[in-house]
Amino acid sequence: MPAKKIQNSNIIKNDLKEYSFFNDVYDIVRLIPRGRVTSYGAIAECLGAKGSARMVGWAMNASHQVRPKVPAHRVVNRNGMLTGKHHFTTPSEMENLLKKEGIKVIDDKVAEFKNLFWNPKTELEINM
DNA sequence: GCATTGACGAAGG
DNA sequence: CCCTTCGCCAATG
């Protein structure tokens with residue numbers, strides 16, 4: 001699959017099951033540059049699973065224990081809202097991490113979201 | 001096994 | 001512009 005080609009990073013070997021989809025998601029998220037953000041749907045679409053944005057969210061859920069680390073805070077919903085903040089160690093952690101990268105967060109939303117949006121499909125120029 | 005639940009998103013009212 | 005419905009599909013009860 002495309003994402004595996006993007007980066008043959010050390011994929012987490014979940015002992016028995018290896019969910020390539022999850023790993024593909026993690027690989028893409030790891031490629032998001034500092035100070036940029038993307039959305040769940042964009043990642044899903046990039047993987048050819050356009051309608052499965054929720055699965056990306058589910059993958060993020062498990063991403064905390066994954067190594068190498070996954071910058072899950074750079075993934076927000078399509079409106080730039082920090083819908084996943086409650087899944088971090090503290091509700092303010094996600095916002096703090098983003099601010100640390102120079103991203104302004106106003107009212108749980110990424111300011112200038114449109115400009116900071118990093119579309120994996122076009123930025124990486126994946127060929128399916 | 002069926003029902004419910006989501007860090008989603010598009011469409012319709 | 002807000003709300004609901006629906007498709008999506010792994011995980012959970």
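Every chain is numbered from 1, with letters handed out A, B, ... down the list of sequences.
- Rounded to the nearest 0.5 angstrom, A:Thr89 OG1 and A:Asn96 CG are separated by 9.0 Å.
- Rounding to whole angstrom units, CE of residue A:Met60 and C1' of C:dA11 are separated by 16 Å.
- For the pair A:Val76/A:Phe113, a side-chain contact is recorded, criterion being any heavy-atom separation below 4.5 Å from C-beta on.
- Contacts between residues 72-82 of chain A and DNA chain B, counted as heavy-atom distances below 4.0 Å, involve A:Ala72, A:Asn77, A:Arg78.
- If you take atom P in B:dT4 and the same atom in C:dT5, they sit 14 Å apart, rounded to whole Å.
- Between atom CZ of residue A:Phe117 and atom CD1 of residue A:Ile32 there is a gap of 9.5 Å, rounded to the nearest 0.5 Å.
- For A:Glu93 and A:His73, the side-chain atoms include no donor-acceptor pair closer than 3.5 Å.
- B:dG6 atom C1' lies 12 Å from atom CZ of A:Phe22, rounded to whole Å.
- A distance of about 15 Å separates the P atoms of B:dA3 and C:dC6, rounded to the whole Å.
- A donor-acceptor pair is defined here as one N or O able to donate and one able to accept, closer than 3.5 Å; such a pair exists between the side chain of A:Glu101 and the backbone of A:Gly35.
- In this structure, NE2 of A:His87 is placed 5 Å from C1' of B:dA7, rounded to the nearest angstrom.
- A:Leu116 has its side chain within reach of A:Ile103: a pair of non-hydrogen atoms, C-beta onward, lies under 4.5 Å apart.
- Within residues 51-59 of chain A, the residues that place at least one heavy atom under 4.0 Å from DNA chain C are, in residue-number order, A:Gly51, A:Ser52, A:Arg54, A:Met55, A:Trp58.
- A close approach under 4.0 Å does occur between a side-chain nitrogen or oxygen of A:Ser39 and OP1 or OP2 of B:dG9.
- How far CZ of A:Arg54 is from OH of A:Tyr40: 12.5 Å, rounded to the nearest 0.5 Å.
- Using a 4.5 Å cut-off on side-chain heavy atoms (C-beta onward), A:Leu82 and A:Asn77 make no contact.
- Look at CZ on A:Phe21: it is 14 Å from P on B:dC8, rounded to the nearest Å.
- Residue A:Leu47 contributes atom CG, which lies 17 Å from atom P of B:dC8 at whole-angstrom precision.
- Listed in residue order, the members of residues 94-119 of chain A having a heavy atom less than 4.0 Å from DNA chain B come to none.
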Notebook entry, point to check: Going through the distances and angles, do A:Arg74 and A:Trp118 end up as a side chain to side chain contact (heavy atoms under 4.5 Å, CB included)?
Noted result: CA-CA 10 Å; A:Arg74 296 183 189 142; A:Trp118 183 83; over 6 Å; no
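- Rounded to an integer number of Å, the gap from OH of A:Tyr40 to P of C:dA10 is 19 Å.
- When each of A:Val56, A:Val29, A:Leu47 is paired with A:Asp24, the side-chain contact (heavy atoms from CB on, under 4.5 Å) condition holds for A:Leu47 and for no other.
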